[in-house]
Amino acid sequence: MTDAWKTRTKLVHEGSRRSQYGEMAEAIFLTQGFVYPTAEAAEARFVKAGEDEFIYARYGNPTTRMFEERIAALEGTEDAFATASGMAAVSGALTSMLRAGDHVVSSRALFGSCLYILEEVLTRYGVKVTFVDGANLAAWRAAVTPGTKAVFFESMSNPTLELVDIRAVSEIAHAVGALVIVDNVFATPIFSRAVDQGADVIVYSTTKHIDGQGRALGGVICGTRDYIRKVLEPYMKHTGGSMSPFTSWIMLNGMATLDLRCRAMADSAARIAAALQGHAKLGRVIFPGLASHPQHPLAMAQMGSGGTLVTFDITAGKEAAFKFMNTLEIIKISNNLGDAKSIATHPATTTHQRLPQDQKDLLGITPGLIRLSVGLEDADDLIGDLMQALDAT
Ligand SMILES: *Cc1c(COP(=O)(O)O)cnc(C)c1O
């Protein structure tokens with residue numbers, strides 16, 4: 001285990017722990033607890049547990065620890081804590097550090113459940129939340145004040161793939177001592193450079209690219225050892241949002257191929273975006289890897305990639321968008337992303353259905369908008385599928 005290892009080596013080996021049997025594959029420790037040789041040993045472990053000493057699966061587990069060490073090494077943070085879902089990660093990252101009277105600034109374009117945490121849950125307990133247009137640095141500057149404890153944003157927004165400038169917002173936040181918490185799902189841990197750009201805490205739903213095969217819910221929070229062990233862990237281990245050992249094992253296996261998968265998906269996404277751009281039945285084709293994307297230079301500087309999603313607008317509206325989706329043969333209609341299987345989503349009627357019309361207008365969620373999560377199928381087959389469905393629309 002060394003910092004000198006490159007990404008793909010870390011993804012295969014980092015954090016591996018072997019039992020006395022020397023098993024090759026990472027073992028699943030499906031156990032709630034651990035046996036102490038003596039009462040004195042139990043007492044000592046409750047005072048301070050060593051590196052390879054565990055107490056109870058809600059606090060930590062060897063399989064989960066392997067996953068946490070692997071993702072921390074990939075992300076470049078000192079430590080990580082794995083959670084039962086992406087939402088357990090988002091709510092834990094925020095709730096563990098906030099108290100009544102604190103102030104948080106957040107971008108407005110958020111995953112629905114993230115919006116619920118900030119708008120409904122935190123405010124119920126007396127946290128003040130200010131929402132800003134995440135791409136507007138002047139708005140961040142105006143909203144962040146000396147009393148601000150944290151800023152929160154999705155580094156690339158869902159579904160319109162708008163970027164928040166991590167470096168610039170971190171500078172604004174750090175000037176008043178606020179913690180920068182980034183939901184980095186759309187950027188993927190492969191294209192993430194959030195820590196180098198100033199982020200303090202990076203949150204993933206591992207349900208997405210890290211599993212990568214749509215099998216299990218999971219989440220993870222990456223940060224400094226102080227934040228993870230002193231602020232977050234006490235909160236998570238007592239409130240119950242820990243990742244199960246079985247899920248950790250799924251995520252560990254997902255990580256071995258994460259770099260290969262994300263790069264293959266991103267290459268296909270770039271080809272698909274180029275093929276769709278200018279199509280007669282489409283309005284906007286949104287892909288940060290296209291030179292036409294207003295934040296293309298920022299995407300290249302921040303991620304070095306356009307990512308694995310392409311969003312486009314079928315000009316004729318909802319009925320045409322539904323006809324298009326129903327005509328797809330390879331691409332599935334669903335709402336996950338980062339899966340090996342390509343997925344088409346109609347945000348206005350599913351993931352963002354709850355939003356009032358003025359919010360949809362503000363976020364650019366038009367009736368014909370389709371979000372495509374590009375999978376691992378052959379890019380030519382995917383382009384063929386999209387074109388035949390557009391022809392029929
Ligand atoms: C999916 C998602 C989440 C929530 O993750 P779950 O694993 O579904 O709980 C949070 N943020 C973003 C950006 C997501 O895409």
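This is a predicted model, so every value here is computed, not measured. All ligand and atom numbering here is 1-based and tracks the order in the structure. Quick note: residue numbers are just sequence positions, from 1.
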*Would Arg229 and Asp79 pass as an ion pair if we require N to O under 4.0 Å?*
yes

_Would the distance check show the side chain of Thr257 and the main-chain N or O of Gly254 forming a donor-acceptor pair, the cut-off being under 3.5 Å?_
yes

*May I ask you to decide whether Arg65 forms a salt bridge with Glu69, counting only side-chain N to carboxylate O separations under 4.0 Å?*
yes

*asked:* Would the distance check show the side chain of Arg70 and the main-chain N or O of Glu14 forming a donor-acceptor pair, the cut-off being under 3.5 Å?
replied: yes

*Just jot down the side chain to side chain contact (heavy atoms under 4.5 Å, CB included) partners of Gln277, sequence neighbours excluded, or say none.*
Leu290, Ser292

_If the threshold is 4.0 Å, N to carboxylate O, is there a salt bridge linking Asp267 and Arg263?_
no

_What does the 4.0 Å heavy-atom contact list look like for ligand 1?_
Ser85, Gly86, Met87, Phe111, Cys114, Glu154, Asp183, Val185, Phe186, Ser205, Thr207, Lys208, Leu217, Gly218

